[in-house]
Amino acid sequence: MNKIYSMKCVAQNYAWGKQGQESLVAKLWSLNNNKEITNNKEPFAEFWMGDHPNGPSKIMDSNSKEIEFEEWIEKNKEKTGEEILEFNESRNNPKNQLPFLFKVLSINKTLSIQAHPDRELAQKLHKNYPDIYKDPNHKPELAIAISGLEAIMGFKPLQQINQNIQNFNYLQNVIDGNAANQFSTVINDPNSDENQKSQVLKLVFSSLLNCSDEVIKNQLENMKKEIESKIEKGIEISDEEKLAIKLNTQFPNDSGAFLAFFMNHLFLQKGECVFIKENICHAYISGDIIECMARSDNVVRAGLTPKFQDKKTLIEMLDYSPSQNSKIQKPKQIDSFVSSFEPSFEEFIVHQISVPKNQLYSYRQNQNLSILLVLFGSANISLSEKIDSNHDLSFFKIKQGDVFLIPAKTQISFQTEQESITCYSVTLGNKGEKI
């Protein structure tokens with residue numbers, strides 16, 4: 001009979017994370033590592049499950065000895081799965097690594113204005129600036145709302161951006177006049193093609209990010225006064241104005257606050273998701289999410305952060321095409337208990353497994369190694385080929401915070417009792433139909 005392997009996972013204490021007991025990440029980390037949260041002011045931002053060197057998980061063998069992923073895969077190729085080994089070979093990746101990185105995020109404060117490079121740019125950045133961009137891989141990603149997610153992502157329709165520039169003097173004062181005029185002319189010309197529209201959007205975006213700190217500071221103050229005056233007079237303010245004030249409160253005097261007038265403002269409900277391709281501008285604002293990505297930690301930032309900003313690279317790399325906006329999506333329902341999140345990229349596929357109380361359920365075999373996270377609840381599980389009257393199943397308990405490495409072709413059966421269970425599983429993607 002196959003066995004599954006417990007994993008001990010790492011938390012990242014980035015400043016934007018929820019603090020102490022308020023953080024789902026803190027709770028998962030505490031349960032996973034059997035450690036108490038002793039400082040309720042300490043932020044717990046991300047819970048990492050995988051083998052990335054910036055936060056590698058450890059695999060526990062039968063003697064409770066910690067094993068590195070690389071060592072485990074080297075010794076257990078048949079349990080890793082042929083397709084993962086072939087995938088790594090086809091991408092010139094090290095053979096003993098995972099193709100994905102799995103996370104939980106607890107977001108209290110806006111993350112940076114950011115994008116992730118494609119593979120070609122990632123290789124270039126890693127070669128030229130290895131201390132900043134620490135790996136050569138691209139980083140397309142998936143975000144699934146656990147309870148809800150607020151984010152900005154992709155650019156608004158161009159006419160809406162143009163209308164915002166026309167409506168607010170402080171925007172006109174942070175964007176070069178010639179750039180604003182070219183933008184308005186091109187997007188209102190019925191003969192303009194998509195490339196021309198992308199170029200003028202890049203022009204105004206670049207003008208904003210390159211505006212001087214002094215001008216940004218003064219115009220943010222003007223924005224604040226104008227919005228406060230509207231509120232005092234009982235004039236309703238727009239969603240963009242509310243968001244700009246929120247971002248400016250969190251990061252005073254940062255040009256990123258003005259991106260409220262340029263980017264889509266999204267609210268994901270529980271179970272909804274967004275797929276974020278390379279070179280798409282975005283920032284998470286608040287919420288708890290499951291996140292999965294290609295195995296990389298490459299982030300190009302340009303605002304709303306105390307971290308290093310690479311505005312020049314971000315401006316050049318972004319996808320400015322008007323049709324690139326990310327859409328809120330729902331997963332495919334595989335059966336009564338499993339929902340599937342299948343991006344257009346091949347590095348991973350994510351399943352949500354939700355089994356109600358007092359239920360016996362057999363989860364399908366994955367052809368490759370997978371990682372299983374118990375997000376909420378508990379159950380007894382058994383490793384078996386099938387469930388029928390001829391099998392006397394031997395169960396053991398799993399609970400919130402447990403993370404397991406599941407070898408290829410391992411069948412798992414869940415038996416819940418007085419409590420339901422919600423798990424997330426990630427494995428290598430496939431070339432089938434995508435959502």
Sequence neighbours left out, cut at 3.5 Å: what donor-acceptor pairs do the side chains of residues 418-427 make with other protein atoms?
unit_1	atom_1	unit_2	atom_2	d
Glu419	OE1	Ser378	OG	2.6
Tyr424	OH	Gln352	OE1	2.9
Thr427	OG1	Leu369	O	2.8

> Do we get Lys327 above Phe275's six-membered ring, with its NZ or CZ under 6.0 Å from the centre and within 45° of the axis?
Replying inline: no
For residues 15-53, the ring-ring contact (aromatic ring centres under 6.0 Å, His included) pairs (sequence neighbours left out) are Tyr14-Trp16, Trp29-Phe44, Trp48-His52
So the salt bridge (Lys or Arg N to Asp or Glu O under 4.0 Å) pairs with at least one residue in residues 254-274 (sequence neighbours excluded) are Glu272-Lys330
Residue pairs passing the salt bridge (Lys or Arg N to Asp or Glu O under 4.0 Å) test with at least one member in residues 13-35, sequence neighbours excluded, are Lys18-Asp288
Using modelled atom types only, decide if a donor and an acceptor are shared between the side chain of Asn380 and the backbone of Ile398 within a distance under 3.5 Å. no
For Ala302 and Leu314, the nearest pair of non-hydrogen atoms, with its separation, is CB-CD2, 3.3 Å
**Report entry** Charged N-O contact under 4.0 Å between Asp402 and Lys399
**Finding:** yes
The complete set of ring-ring contact (aromatic ring centres under 6.0 Å, His included) pairs with one or both residues in residues 84-126, sequence neighbours excluded, reads His116-His282
Does Thr410 use its side chain to pair, donor to acceptor, with the backbone of Ile406 at less than 3.5 Å?
no
Per salt bridge (Lys or Arg N to Asp or Glu O under 4.0 Å), Glu241 is matched among Lys230, Lys246, Lys224 by Lys230
Heavy-atom closest pair (Tyr5 atom, Met60 atom, distance to 0.1 Å) is CD2-O, 3.8 Å
Quick one: does Ser296's side chain have a donor or acceptor within less than 3.5 Å of a partner on Asn137's backbone? yes
Please indicate whether Glu78 has more than 12 foreign heavy atoms, meaning atoms of other residues, nucleotides or ligands, lying under 6.0 Å from its CD. yes
In the structure I gave you, are the side-chain heavy atoms of Val204 and Val200 within less than 4.5 Å of one another anywhere? no
Exactly one of Phe261, Phe205, Phe262, Phe183 clears ring pair (Phe, Tyr, Trp, His ring centres under 6.0 Å) with Phe155, and that residue is Phe205
In short, salt bridge (Lys or Arg N to Asp or Glu O under 4.0 Å) pairs touching residues 48-72 with sequence neighbours left out are Asp51-Arg295, Lys58-Glu68, Glu71-Lys75
Exercise for the section: Determine whether Thr80 and Trp72 make a side-chain contact, defined as any pair of heavy atoms from C-beta on separated by less than 4.5 Å. Expected result: yes
Notebook entry, point to check: How far apart are the C-alpha atoms of Asn358 and Glu417, what are their side-chain angles, what is the distance that settles it, and do they pass the side chain to side chain donor-acceptor pair (under 3.5 Å) test?
Noted result: CA-CA 4 Å; Asn358 299 317; Glu417 296 177 341; over 6 Å; no
